[in-house]
Structure formats: C-alpha cells, structure tokens
Protein chains: 2
Amino acid sequence: MQQHLLEGNDSENAFCYSDPYWNGSASSNTVMKEIEETVGTHSVSNKSTKTIQQETISTTSAGEHTKLTNVTATLEMKPLWEEFNELGTEMIVTKAGRRMFPTFQVRLFGLDPAADYMLMMDFVPVDDKRYRYAFHSSSWVVAGKSDPISPPRIHIHPDSPASGSQWMKQVVSFDKLKLTNNQLDDNGHIILNSMHRYQPRFHVLYLPNKSDSIDAGKQNFKTFMFPETKFTAVTAYQNHRITQLKIASNPFAKGFRDCDSDDW
Amino acid sequence: MQQHLLEGNDSENAFCYSDPYWNGSASSNTVMKEIEETVGTHSVSNKSTKTIQQETISTTSAGEHTKLTNVTATLEMKPLWEEFNELGTEMIVTKAGRRMFPTFQVRLFGLDPAADYMLMMDFVPVDDKRYRYAFHSSSWVVAGKSDPISPPRIHIHPDSPASGSQWMKQVVSFDKLKLTNNQLDDNGHIILNSMHRYQPRFHVLYLPNKSDSIDAGKQNFKTFMFPETKFTAVTAYQNHRITQLKIASNPFAKGFRDCDSDDW
DNA sequence: GGATTAGCACCTAGGTGTCAAGGT
DNA sequence: ACCTTGACACCTAGGTGCTAATCC
C-alpha cells in the first residue's frame with residue numbers, strides 16, 4: 001500500500017548546500033575546511049552525484065580515490081528498518097532535538113586500516129511535497145508543495161577523524177544524531193520540516209596525507225543510501241501501527257508495553 | 001596534621017615506562033605511535049624530566065616546541081580539591097573501575113588555535129611506600145615498602161586529537177577516566193595499587209604537521225602537576241571525614257546526605 | 001481541524017556509599 | 001587484623017510516548 005521507495009526522478013538537483021553548518025565534534029579547523037569544500041560543493045550539486053541503487057546500498061559511481069574504491073557499508077538492524085519501512089517509517093522531530101529510532105548504524109569494510117577517515121550523515125528530501133496523514137484511509141496523501149527548505153546540516157560522527165582500522169573493528173552508531181524542527185536550532189542538530197519525507201545519507205570521507213592530496217581528479221568521499229531508511233518527519237506519530245512498533249522495539253519505550261516480551 | 005605535599009625528593013626517577021598501554025579513544029595508528037615514542041621514552045625517564053613546582057602548576061622546564069611555550073593550564077574546582085587535600089584525599093579503586101571525585105578538570109590557555117593537540121593523564125607514585133590508616137590517631141602511617149609497580153597506563157582524553165581552539169573553548173574534563181586495582185584489567189583503565197599514594201599528571205602533546213616535525217631538538221609535550229590533586233588509592237574509605245565530604249559534594253551520593261543542602 | 005508544544009510517568013544506563021561477607 | 005568484594009538502595013542524566021493545552 002505505502003511502498004515508500006525512492007523513484008528515479010529525485011529532486012536532489014534542487015537541493016543545494018549554500019551555507020553548511022557543521023555539527024558533531026570535529027577535531028581540527030584544517031580538517032573542517034577540507035570537508036566543507038569537498039562535500040559542500042560536490043556532494044549534492046548536479047554534476048558529480050550520479051547515485052545508483054544497488055541491492056541494499058547505493059554508492060557514488062564517479063572516479064573515487066584509491067582508498068575508497070573497496071569501501072562497502074552494510075546497514076545494521078536491517079530487518080527492523082524493513083519492518084518500519086513497510087508501514088511507512090515516521091521519525092519524531094522536536095524543538096530540543098530527538099534521536100532517531102531505529103538508530104542509523106552501519107558496519108564498514110574495505111577501508112585502509114592505516115588511513116584516516118571521517119564519517120558523516122545528512123538528509124535529503126525525497127520529493128518537493130508536503131504530506132498529510134489521512135486517518136480514514138490510514139495512508140499518507142500529498143498536501144501540497146514542500147515548505148521552504150531547512151538550513152542543510154551535516155552530522156559528523158563524533159569519533160571522526162579516525163583510522164580505518166578503528167572504524168572497521170565495531171559497528172558505527174549514529175546515536176548522538178538528533179532531529180529538530182526548529183529552523184533556528186543552535187545545537188547543531190539536523191533541521192527537518194515536519195510532514196516531509198527524507199532519505200538519510202551516509203558519507204565516508206578519506207583524509208589524505210599532506211603528501212597524498214595532490215591527485216585532485218578523484219573524489220575523496222563515497223556516499224551510501226539505504227532506501228529502507230526513508231522516513232516522514234512528524235511532531236506526533238500519525239500511523240498507530242508505527243507507534244506500536246516503536247513501543248515494541250525501543251527499550252526506552254518499555255513503559256508503554258502491554259505484554260512483557262523483552263526479546264528485542 | 002596530614003599535609004600531603006609533594007616533597008622535593010620524589011621517586012619519579014624510579015618510575016619508568018617500560019610497556020605503556022594506551023587507553024582512551026585514539027584516532028589513528030600513526031598518531032598513536034608518534035605519542036608512544038615521545039612519552040613512552042622521554043616523559044618520566046630520568047634525563048629530560050626536570051619538573052619544577054610553581055604556585056599551582058608544574059611545567060617541564062626543558063626546551064619545548066614553539067606551539068607549547070605559552071601553554072598554561074588551571075585546575076577547575078580548585079577550592080574543592082584543596083578541601084579534600086587538607087583531609088588527605090582518598091580515591092576508591094574497584095575491579096570494574098571507578099571514576100575520580102572530584103573529577104580532574106582543567107582550563108587551557110595559550111594553545112595555537114589552528115594546531116592539533118592530544119591531552120592525556122597518568123599517575124605517578126608519590127613515594128615507594130605502602131600506607132595504613134591508623135584509626136586511633138586518625139592518620140596515615142607507613143606500612144612498608146611499596147608493592148610491585150602496576151602496569152603503567154596513560155589515559156588519552158577521548159576528544160583527542162583536536163585543535164587548540166576546540167580545547168580552549170570550554171573546560172576539559174577527564175570524567176571518563178577510571179581507576180582500578182585489577183592488575184589484569186582489560187578495559188584500558190588506570191591500574192593503581194591500593195593503599196599507595198599517587199600524583200595525577202596532565203600532559204599536552206603537540207601534533208606536528210608533516211612539514212613541521214623536523215625540529216627534533218624540542219620536546220613536543222608539556223606536563224602539568226597540581227599538588228592538591230594527590231590522593232591515596234583505597235578499596236574502601238578510611239578517613240570518615242573524606243566519606244562525609246564526598247557525600248556532601250558528589251551529586252551521585254546525594255542519597256546518603258542527611259540535610260538537604262543542594263548548593264554544590 | 002490539523003499540527004505543535006510542554007509537562008509527565010516510566011523507562012534505560014550508570015555513578016554513589018553501605019553493609020555483610022569473604023580473603024589472606 | 002586488615003583489606004577486598006559484591007549485592008544493593010538511592011541517586012543523576014537522559015531517552016520514550018502519552019496527554020492536555022495551545023497555536024494557526
């Protein structure tokens with residue numbers, strides 16, 4: 001009924017980073033500027049982002065740096081994400097900032113153990129529409145054109161930068177990431193429009209050594225998108241089955257459970 | 001009565017880092033090796049560590065790197081530390097690891113905002129003695145020579161490495177640091193001998209750029225010691241006045257307070 | 001009427017000293 | 001005797017959806 005899959009005609013082209021704000025804890029100003037230049041101008045501009053959809057993940061197909069060609073990422077808790085996605089995932093946004101559930105977590109492979117990388121996430125609108133939940137038909141319906149686009153922000157994983165060996169030796173969790181609907185947010189949270197649909201993106205950025213940074217022809221980041229992580233931003237849950245699934249699967253919502261199935 | 005101040009004849013010379021174990025989250029293998037070579041061989045060996053005691057802080061007097069000469073550090077919660085020190089500070093050590101209270105926190109000045117630094121802590125024995133608490137006289141008495149020295153460990157502040165501007169813009173807190181008496185600890189905690197006295201040390205390590213690392217004559221770290229942070233490691237509190245001061249000042253021990261003075 | 005907000009009860013996760021019991 | 005350990009009650013800190021009130 002609600003198969004929220006990304007169609008081929010994304011509106012990514014309309015989405016442009018003009019004044020990126022960087023949150024998360026970055027470790028050096030030099031590094032910051034480097035990424036800003038890279039992602040801020042290349043990542044979502046129209047020329048260099050030809051993302052293709054693979055079975056589970058999407059990667060940039062353009063010529064990447066050698067330290068990125070073998071990099072792959074798999075989504076953790078994929079069955080849970082799919083269960084939500086089949087109902088039409090909703091994520092709460094609040095003024096103070098709300099974590100995602102399920103938490104976006106990935107397992108990484110193929111990094112150079114000795115090289116340094118930064119990991120980050122951002123969120124692109126799935127389309128240019130505003131939605132409304134029709135309770136009588138229990139489904140989402142288009143409610144008009146999208147509201148003005150929120151200030152685009154990127155969440156840098158707080159452990160960045162770190163070596164490939166560090167990133168690969170355990171699951172990378174973005175549990176510090178928070179979503180807000182406050183357009184004037186001052187805490188570095190991801191700003192989204194409520195009642196709009198978003199696709200999370202995951203970026204692996206290679207940090208070249210001073211001696212290595214000369215090959216300018218290659219992209220030094222790789223982007224992954226998992227279609228099953230798409231969601232609608234809401235200030236209160238609309239689909240009651242989503243609420244029930246959250247209560248059943250989120251440990252922090254245990255207080256609202258009826259039975260006592262603790263096997264999550 | 002118990003003025004636990006560091007005498008001039010420290011036994012630092014007898015304390016040698018043979019096989020340093022690195023805990024905390026370090027971000028790159030390259031960086032790790034760099035520090036290991038530096039502190040592991042120079043920091044507490046007899047030749048290059050002529051620490052002098054200033055009013056509140058102690059710094060290495062040897063020729064330092066330019067990016068370190070103006071660096072100063074002040075101890076946060078100094079009045080509280082002094083209150084404990086006058087009674088003879090005790091710190092609990094447990095098998096699982098126990099945080100320090102008060103927490104070791106510093107404010108930093110004089111770093112190069114654009115340069116990268118790592119911050120770390122370690123603990124040096126104040127002397128080569130073992131202590132016992134004499135309840136009748138309410139004082140610590142020597143109980144013999146020190147037990148075999150614990151495997152020396154260094155705690156790297158988890159935000160390391162980071163830029164000088166990052167470190168200076170707020171108080172740096174070592175609240176993730178834990179003390180243990182388990183000589184076989186596998187969690188990267190600081191290993192101490194119970195009933196022994198220790199002096200915490202704080203190190204600022206400058207991370208040179210590839211182009212900058214050529215001046216080998218200079219030390220690339222600076223060490224600070226605050227005499228009022230000395231303490232005796234214990235498995236259970238000995239001095240009842242220490243217990244009372246902990247209960248009165250540590251928010252997590254609020255459950256043991258009699259009156260309701262919440263002004264800490 | 002639809003969407004948002006603030007306070008709340010109820011959780012998870014983990015930092016305290018206490019106390020009784022165990023160890024050497 | 002002296003020191004250490006582990007279970008425990010009691011906190012802090014913060015993540016949940018619920019509900020009623022509010023905003024437009």
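Order of the sequence lines fixes the chain letters, A, B, ..., with proteins taken first and strands second; residue numbering starts at 1 for each chain.
- For D:dT5, neither phosphate oxygen OP1 nor OP2 lies less than 4.0 angstrom from any side-chain nitrogen or oxygen of B:Asn182.
- Summarising the geometry, the separation between CD on A:Gln238 and C1' on C:dT4 is reported as 11 Å, rounded to the nearest angstrom.
- What you find for B:Ile92 and B:Ala236 is that their closest heavy atoms are CD1-CA, 3.9 Å.
- Distance CE (B:Met195) to C1' (D:dC2): 8 Å, rounded to an integer number of Å.
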When every nucleotide of nucleotides 19-24 of chain C is labelled 5' to 3' by its protein contacts under 4.0 Å (heavy atoms), B for base, S for sugar-phosphate only, - for none, what sequence of letters results?
------
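- At the phosphate of D:dT12, OP1 or OP2 sits under 4.0 Å from a side-chain N or O atom of B:Lys254.
- Residues forming a side-chain contact (heavy atoms from CB on, under 4.5 Å) with A:Asn182 (at least two apart in sequence, or on another chain): A:Lys95, A:Thr180, A:Leu184, A:Asp185.
- In this structure, A:Lys246 forms no cation-pi arrangement with A:Phe256, as its terminal cationic atom is not both closer than 6.0 Å to the ring centre and no more than 45° off the ring axis.
- Here the C1' atom of nucleotide D:dT4 and the CD atom of B:Glu90 are 15 Å apart, to the nearest Å.
- Taking 4.0 angstrom as the limit, B:Lys95 places a side-chain polar atom (N or O) nearer than this to OP1 or OP2 of D:dG6.
- Panel note: side chain B:Trp167, backbone B:Tyr117; a donor-acceptor pair is recorded below 3.5 Å.
- Separating the CG atom of B:Asp258 from the P atom of D:dC10 is a distance of 15 Å, rounded to the nearest angstrom.
- A:Asp122 and A:His155 share no donor-acceptor pair across their side chains, judged by distance under 3.5 Å alone.
- Summarising the geometry, atom CZ belonging to A:Phe84 is positioned 13.5 Å from atom CD belonging to A:Glu228; distances are rounded to the nearest 0.5 Å.
- A straight line from CD1 of B:Ile242 to C1' of C:dG17 spans 14 Å, rounded to a whole angstrom.
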Treating primed atoms plus P, OP1 and OP2 as sugar-phosphate and everything else as base, which nucleotides of nucleotides 14-21 of chain D get B, S or - for protein heavy atoms under 4.0 Å?
BBBBS---
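- Atom P of nucleotide C:dT5 and atom CD of A:Gln183 are separated by 11 Å, given to the nearest angstrom.
- Applying the 4.0 Å criterion to OP1 and OP2 of D:dC3, one finds that B:Ser194 has every side-chain N and O outside that range.
- We find that CG of B:Leu245 is positioned 14 Å from C1' of C:dT16, with the value rounded to whole Å.
- In this structure, B:Asp147 pairs ionically with B:Arg130, as a charged nitrogen and a carboxylate oxygen lie closer than 4.0 Å.
- A:Arg107 is linked by a salt bridge (Lys or Arg N to Asp or Glu O under 4.0 Å) to A:Glu76, counting only residues two or more places apart in sequence or in another chain.
- One atom, CG of B:Leu192, and another, P of D:dC3, lie 17 Å apart when rounded to the nearest Å.
- With a 4.5 Å cut-off on side-chain heavy atoms, B:Trp81 and B:Pro227 do not count as touching.
- Note on the helix from C:dG1-D:dC24 to C:dT24-D:dA1: terminal axis deviation equals 10°, with five pairs used at each end and the result rounded to 10°.
- A:Asn239 places a side-chain N or O within donor-acceptor distance of the main-chain N or O of A:Arg241, the cut-off being under 3.5 Å.
- In terms of the side-chain contact (heavy atoms from CB on, under 4.5 Å) criterion, residue partners of A:Tyr131 (sequence neighbours excluded) are, by chain and number, A:Asp127, A:Lys129, A:Trp140, A:Val142, A:Arg197.
- When only modelled atom types and interatomic distance are considered, A:Gln105 and A:Asp175 share no side-chain donor-acceptor pair under 3.5 Å.
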